[in-house]
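Here the structure is a predicted model, which means the values were calculated and not measured. When a residue number appears, it is its place in the shown sequence, counting from 1. These numbers come from the heavy atoms of this one structure, side chains and all, not from hydrogens, waters or symmetry mates.
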Amino acid sequence: MLEDHDLEHYLEASAIARKIMKFGRELVKAEKGFLKIAESIENQIIKEGGKPAFPVNISVNGNAAHDSPEASDTRQIAEKDLAKVDFGVMIEGFAIDTAFSYNPSNEHAKLIEAAEMALQNALSVVKAGVNVKAIGTEIERTIMEYGFVPVENLCGHSLEQYNLHAGVEIPNVARGGYILKEGDVFAIEPFASTGKGYVNEGDYCQIWSLEPHANMAVRLPKSRELLARVAEEHLTMPFAARWFKDIPMLRLSLADLEKQGILHSYPVLKEAKKDCFVSQAETTLIVEKEGAKILV
């Protein structure tokens, strides 16, 4: 069960996340630049009294997740693009993880609806005592009925303080064995695809996190500077390279710390099939005895 003060933090983050969801949906209608959208959402989270739980992801078309703009990014969302905007709001380490899909031309409306309906149907079966396989079954069934496939190697996940992926998965297909308990906190995030329903890591990477219990003894001065700031400001939560753009030789420091096993990288996750499209819907919830408290 959640402690009362933990629940208070989640509810505070929830109130902010609801505002940011509305803000983000309106923003993408007026602003197409990846960098502008990401920074505007992150700044608005701070303005509302929260912290970004991770860098805003703007993953387009066959890129399913983990695409966050770099400091010099000039990319724009095109009229026919299907963009997934994934963001998180954190209060004292307790995070809300949520996402929505957007397609300016509206030609991918059915694919977006498939992920959104899969999420709603999944939520309808959530309660204490339910096996996560039942949730995955509902997600898979719904997406298949729309004529698409779920992305099988992307999953929902449990959340804990300062830990976005706390070890328990909620699959997007019919598998799993964990039994939901009252007070569990989960993000559920169906992905619907026109491709193979499987993602691979790409070459592009702009997101890292500090490995727990990493050896903090670092030789290069700039790597030590970056590591000290990451440890102070972000603990084990993911961060964007652009958040530290003022540090000289940043890419060298990131590569150095990753090579030493101090930083974990999050490359863009791409659909295995080329020239396809992926949609996403996501919310965070607290499992209750007879249902779920939906946080955004």
Side-chain angles (χ1 to χ4, degrees), residues 34-35 37-39 41-43 45-46 50-59 63-73 75 84-99 153-169 187 189 199-270 282:
F34 282 33
L35 182 61
I37 292 170
E39 290 188 334
I41 291 175
E42 290 163 1
N43 289 336
I45 291 171
I46 295 169
K51 290 185 178 180
F54 53 86
V56 170
N57 290 200
I58 303 171
S59 306
N63 287 351
H66 294 175
D67 193 341
S68 193
E70 58 185 324
S72 59
D73 212 302
R75 289 177 294 170
K84 284 75 66 184
V85 180
D86 194 341
F87 67 89
V89 176
M90 182 172 68
I91 297 291
E92 298 296 331
F94 296 93
I96 305 295
D97 187 357
T98 188
N153 62 332
L154 289 176
C155 298
H157 47 92
S158 56
L159 296 98
E160 296 175 353
Q161 188 177 25
Y162 292 111
N163 190 349
L164 277 174
H165 291 256
V168 180
E169 295 182 342
E189 49 180 327
V199 294
N200 298 313
E201 290 188 349
D203 297 328
Y204 180 81
C205 180
Q206 290 294 320
I207 305 175
W208 284 264
S209 67
L210 181 64
E211 291 280 15
H213 314 300
N215 181 2
M216 304 293 277
V218 177
R219 182 175 63 85
L220 294 178
K222 291 303 177 185
S223 295
R224 287 201 302 271
E225 179 184 352
L226 174 61
L227 181 57
R229 284 180 53 183
V230 168
E232 178 182 0
E233 298 175 26
H234 299 282
L235 299 176
T236 56
M237 304 300 279
F239 65 89
R242 57 186 159 82
W243 292 356
F244 298 97
K245 61 186 178 182
D246 59 309
I247 296 180
M249 298 185 292
L250 175 61
R251 300 300 301 193
L252 177 63
S253 298
L254 289 167
D256 177 45
L257 294 174
E258 183 180 354
K259 183 178 180 181
Q260 295 184 62
I262 296 171
L263 292 183
H264 176 79
S265 62
Y266 299 86
V268 169
L269 298 176
K270 304 169 67 73
E282 182 179 17

Residues pairing under ring pair (Phe, Tyr, Trp, His ring centres under 6.0 Å) where one sits in residues 199-223, two or more places apart or in two chains, turn out to be none

Here the gap from Ile45 atom CD1 to Ile91 atom CD1, rounded to the nearest 0.5 Å, amounts to 10.0 Å

When every non-hydrogen atom of Pro55 is compared with those of Pro238, the smallest separation belongs to CD-O, 3.6 Å

Taking every heavy atom of Ala65 against every heavy atom of Asn57, the minimum-distance pair comes out as C-OD1, 4.2 Å

Residue pairs passing the ring pair (Phe, Tyr, Trp, His ring centres under 6.0 Å) test with at least one member in residues 240-264, sequence neighbours excluded, are His234-Trp243, His234-Phe244, Phe239-Phe244, His264-Tyr266

Shortest non-hydrogen pair, Leu35 vs Ala71, comes out as CD2-O, 3.3 Å

Residues pairing under salt bridge (Lys or Arg N to Asp or Glu O under 4.0 Å) where one sits in residues 235-249, two or more places apart or in two chains, turn out to be Glu42-Arg242, Arg229-Asp246

With sequence neighbours left out, the residues meeting side-chain hydrogen bond (donor to acceptor under 3.5 Å, both in side chains) with Thr98 are none

Those residues at least two apart in sequence (or on a different chain) that pass ring-ring contact (aromatic ring centres under 6.0 Å, His included) with Phe34 are none

When every non-hydrogen atom of Cys205 is compared with those of Ser265, the smallest separation belongs to SG-CB, 3.8 Å

All heavy atoms of Ala187 vs all of Glu282, minimum pair found to be CB-OE2, 3.5 Å

Sequence neighbours excluded, the answer for side-chain hydrogen bond (donor to acceptor under 3.5 Å, both in side chains) partners of Glu39 is none

Distance col, row Leu252:CG vs Leu257:CG, nearest 0.5 angstrom, shows 9.5 Å

The salt bridge (Lys or Arg N to Asp or Glu O under 4.0 Å) partners of Arg75 (sequence neighbours excluded) come to Asp67, Asp73

Contacts of Leu220 meeting side chain to side chain contact (heavy atoms under 4.5 Å, CB included) (sequence neighbours excluded), chain-then-number -> Ser223, Asp256

Sorted by chain and residue number, the side-chain hydrogen bond (donor to acceptor under 3.5 Å, both in side chains) partners of Glu189 (sequence neighbours excluded) come out as His157, Gln280

Sorted by chain and residue number, the side-chain hydrogen bond (donor to acceptor under 3.5 Å, both in side chains) partners of Lys270 (sequence neighbours excluded) come out as Asn63

Evaluation steps, side-chain contact (heavy atoms from CB on, under 4.5 Å), between Asp97 and Asp86: CA-CA 8 Å; Asp97 187 357; Asp86 194 341; 3.1 Å; yes

With no hydrogens and no angle check, is any side-chain donor or acceptor of Ser209 less than 3.5 Å from a backbone partner on Met237?
no

Smallest heavy-atom separation, Pro69 atom then Val56 atom, equals CD-O, 4.0 Å

Residue pairs passing the salt bridge (Lys or Arg N to Asp or Glu O under 4.0 Å) test with at least one member in residues 204-224, sequence neighbours excluded, are Lys222-Glu225

Exercise. With the side chain counted from C-beta on, respond yes when Pro52 and Ile46 share a heavy-atom pair under 4.5 Å apart, and no when they do not.
Key: yes

Under the 3.5 angstrom rule, does the side chain of Lys51 hit a backbone N or O of Met90 as a donor-acceptor pair?
no

The reported gap from CD1 in Ile262 to CG in Leu210 (rounded to nearest 0.5 angstrom) is 8.0 Å

Show me the donor-acceptor pairs, under 3.5 Å and distance only, between side chains in residues 161-169 and residues at least two apart or in other chains.
unit_1 : atom_1 : unit_2 : atom_2 : d
Gln161 : NE2    : Glu92  : O      : 2.8
Asn163 : OD1    : His165 : N      : 3.3

